[in-house]
Amino acid sequence: MRNASFDVNRIAPSDITPPDKFLTRRSLLAGGLGLAAAQTIGGFLRPAYGQSAPGTALTYTHNVEYSAADTPNTFKDISTYNNYYEFGTDKSDPAENSKNFRTQPWNVTVGGECEVAGTFSLEDILKPHPLEERIYRMRCVEAWSMIVPWVGFPLADLLKRFKPTSKAKYVEFHTLLDPKQMPGERGSVLDWPYVEGLRLDEAMHPLTLMTVGLYGKALPNQNGAPLRLIVPWKYGFKGVKAINTIRFVERMPATTWAKMAPGEYGFFANVNPAVDHPRWSQATERHIGGSLFDQRRPTLPFNGYASQVAPLYTGMNLKTYF
Ligand SMILES: Nc1nc2c(c(=O)[nH]1)N[C@H]1C(S)=C(S)[C@@H](COP(=O)(O)O)O[C@H]1N2
Ligand SMILES: [Mo]
């Protein structure tokens with residue numbers, strides 16, 4: 001069931017406003033910063049980015065406050081060195097095997113402990129949110145790292161619209177379950193669908209990004225099109241791809257990697273040089289980037305975001321809650 005207050009977002013401003021007024025009204029909605037829904041180019045209306053095929057140019061503003069000063073990795077590195085077990089376990093598999101993955105139409109089902117639940121089209125989910133580019137450090141638990149210019153919007157802005165109840169303590173995300181399209185899901189390398197979760201305060205942190213693009217364009221399939229999570233102070237596996245379910249829950253969700261190997265992958269998964277993976281050290285990382293930059297660097301606590309996020313974990317033993 002759709003909730004009436006949410007339903008308002010289903011109506012494109014263009015449906016109710018003449019096109020010439022549309023730009024002004026939309027700029028107002030977007031706070032004059034970016035254009036969330038569509039853009040007129042030479043008199044043509046660019047499709048809402050919810051309908052954008054991978055590679056379509058997006059309209060966004062660059063967020064200086066939340067961007068790292070580091071030089072981003074190349075688009076090639078970012079889009080050919082991937083973890084996405086639905087499309088194979090080798091780093092080069094996702095780019096190879098996700099070419100025909102269909103991301104349109106796309107629906108997201110929202111439920112659990114919230115007042116506004118239902119199944120919404122991707123356009124509904126994305127429409128009111130102006131997009132920002134943020135250059136984030138990313139760190140995989142396998143001890144490699146990259147710098148990525150993501151495009152998205154704060155997850156908090158989206159979650160608030162569903163009005164989580166006081167029972168909602170965590171939020172859970174699922175990847176699409178579609179073994180016909182995702183060859184990895186025909187095997188049992190992981191328990192499908194891929195499930196991830198955050199404590200609600202982590203989910204609401206302004207650094208947590210609902211991500212739709214990369215290098216200014218709609219996400220390539222291998223990077224999680226059409227909608228994936230980025231939580232820059234946590235290991236990359238928290239960044240669930242191709243999200244089609246969001247659930248507000250009372251108890252800590254059973255997440256894919258923690259279920260698969262609870263001694264190796266914790267729910268919190270905060271980047272922590274002091275807590276080793278049982279099979280390797282997390283004290284340093286290998287920065288991907290060709291011969292010149294492919295070198296080891298010390299791992300930073302919370303991946304360099306400690307000043308912003310350490311207060312979320314005050315009083316918690318981060319060796320127990322890894
Ligand atoms: N659905 C799904 N999401 C996933 C994964 C996966 O296998 N399946 N791998 C995770 C891991 S381990 C990492 S490091 C990041 C990699 O994201 P990237 O390929 O965009 O760099 O995606 C995460 N999200
Ligand atoms: Mo990872």
Side-chain angles (χ1 to χ4, degrees), residues 54 72-98 101 103 106 108 134-152 172-179 181-198 208-215 217-246 253 255-261 264-266 269-271 277 279-280 282 285-289 299 303:
N73 281 82
T74 61
F75 179 82
K76 191 166 182 234
D77 282 345
I78 299 167
S79 61
T80 58
Y81 191 88
N82 300 104
N83 269 342
Y84 199 170
Y85 279 19
E86 287 84 341
F87 292 106
T89 54
D90 285 347
K91 296 286 177 281
S92 56
D93 284 345
E96 272 303 305
N97 300 333
S98 69
F101 181 53
T103 57
W106 192 268
V108 180
R134 298 175 173 203
I135 299 171
Y136 276 169
R137 299 186 197 91
M138 93 87 95
R139 171 63 156 78
C140 180
V141 75
E142 294 163 335
W144 51 267
S145 65
M146 286 202 214
I147 309 291
V148 186
W150 298 113
V151 179
E172 180 179 310
F173 304 86
H174 299 189
T175 293
L176 177 73
L177 181 64
D178 187 355
Q181 287 208 78
M182 297 175 132
E185 290 181 343
R186 289 174 224 151
S188 51
V189 56
L190 291 176
D191 211 5
W192 310 111
Y194 193 97
V195 173
E196 257 310 334
L198 295 168
T208 305
L209 198 68
M210 214 25 154
T211 303
V212 298
L214 154 58
Y215 263 114
K217 296 177 175 168
L219 283 173
N221 288 338
Q222 60 269 34
N223 291 94
L227 188 67
R228 59 95 48 97
L229 200 63
I230 294 291
V231 195
W233 70 94
K234 292 176 182 281
Y235 292 113
F237 68 85
K238 301 300 282 187
V240 45
K241 296 175 172 178
I243 296 168
N244 80 337
T245 304
I246 300 176
T255 53
T256 297
W257 283 102
K259 261 198 302 187
M260 150 101 183
E264 302 192 18
Y265 309 100
N270 291 319
V271 175
H277 184 279
R279 290 182 279 136
W280 55 80
Q282 295 291 11
E285 61 197 44
R286 182 172 59 90
H287 193 71
I288 304 293
T299 298
N303 205 25

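Counting begins at 1 with the first residue of the sequence. If you're wondering where the values come from, they're calculated on a predicted model, not measured in any experiment. Read the numbers this way: they start at 1 and go in the same order the structure lists the ligands and their atoms.
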For ligand 1, which part of Thr175 has a heavy atom less than 4.0 Å away: the side chain, the backbone, both, or neither?
side chain
A quick test of your reading: do over 12 heavy atoms of other residues, nucleotides or ligands sit less than 6.0 Å from NZ of Lys217?
no
Taking only non-hydrogen atoms of Arg228, do any sit less than 4.0 angstrom from ligand 1?
yes
Using 30° and 60° as the class limits, which term best fits the ring planes of His277 and Trp280: parallel, tilted or perpendicular?
parallel
Identify the closest protein heavy atom to atom 15 (C) of ligand 1: which residue and atom is it, and at what distance?
Gly236 O, 3.4 Å
Just checking Tyr81 against Trp144, ring centres under 6.0 Å apart?
yes
Those atoms of ligand 1 less than 4.0 Å from some heavy atom in Cys140
14 (S)
In the protein, what heavy atom is nearest to atom 9 (N) of ligand 1, and what distance, to one decimal place, separates them?
Asn83 O, 3.3 Å
N/O separation below 3.5 Å, Lys241 to ligand 1:
yes
Once you restrict to heavy atoms under 4.0 Å, what part of Met138 touches ligand 1? Side chain, backbone, both or neither.
side chain
Quick check on contacts: which atoms of ligand 1 are under 4.0 angstrom from a heavy atom of Gly239?
4 (C), 22 (O), 23 (C), 24 (N)
Ranking Tyr194, Trp257, Tyr84, Phe237 by closest non-hydrogen atom to atom 4 (C) of ligand 1, top hit is Tyr194
So for Phe173, does at least one of its heavy atoms come nearer than 4.0 angstrom to any atom of ligand 1?
no
Heavy-atom side-chain contact between Gln222 and Ser79 under 4.5 Å
yes
Quick one: does Tyr136's side chain get under 4.5 Å of Thr211's, heavy atoms only?
no
Ser145 and its side-chain hydrogen bond (donor to acceptor under 3.5 Å, both in side chains) partner, picked from His287, Arg286, Arg139, Arg137:
His287
With a cut-off of 4.0 Å, which atoms of ligand 1 are near a heavy atom of Tyr85?
6 (C), 7 (O)
Under 4.5 Å between any side-chain heavy atoms of Asn303 and Lys234, yes or no?
no
Of the side chain and backbone of Glu86, name the one, both, or neither that has a heavy atom under 4.0 Å from an atom of ligand 1.
side chain
Decide whether an N or O pair under 3.5 Å exists between Tyr81 and ligand 1.
no
May I ask you to test the Val231-Glu196 pair for a side-chain heavy-atom distance under 4.5 Å?
no
Any atoms of ligand 1 less than 4.0 Å from a non-hydrogen atom of Trp150? List them with their elements.
20 (O)
Can you find a heavy atom in the side chain of Leu176 that is under 4.5 Å from one in the side chain of Trp106?
yes
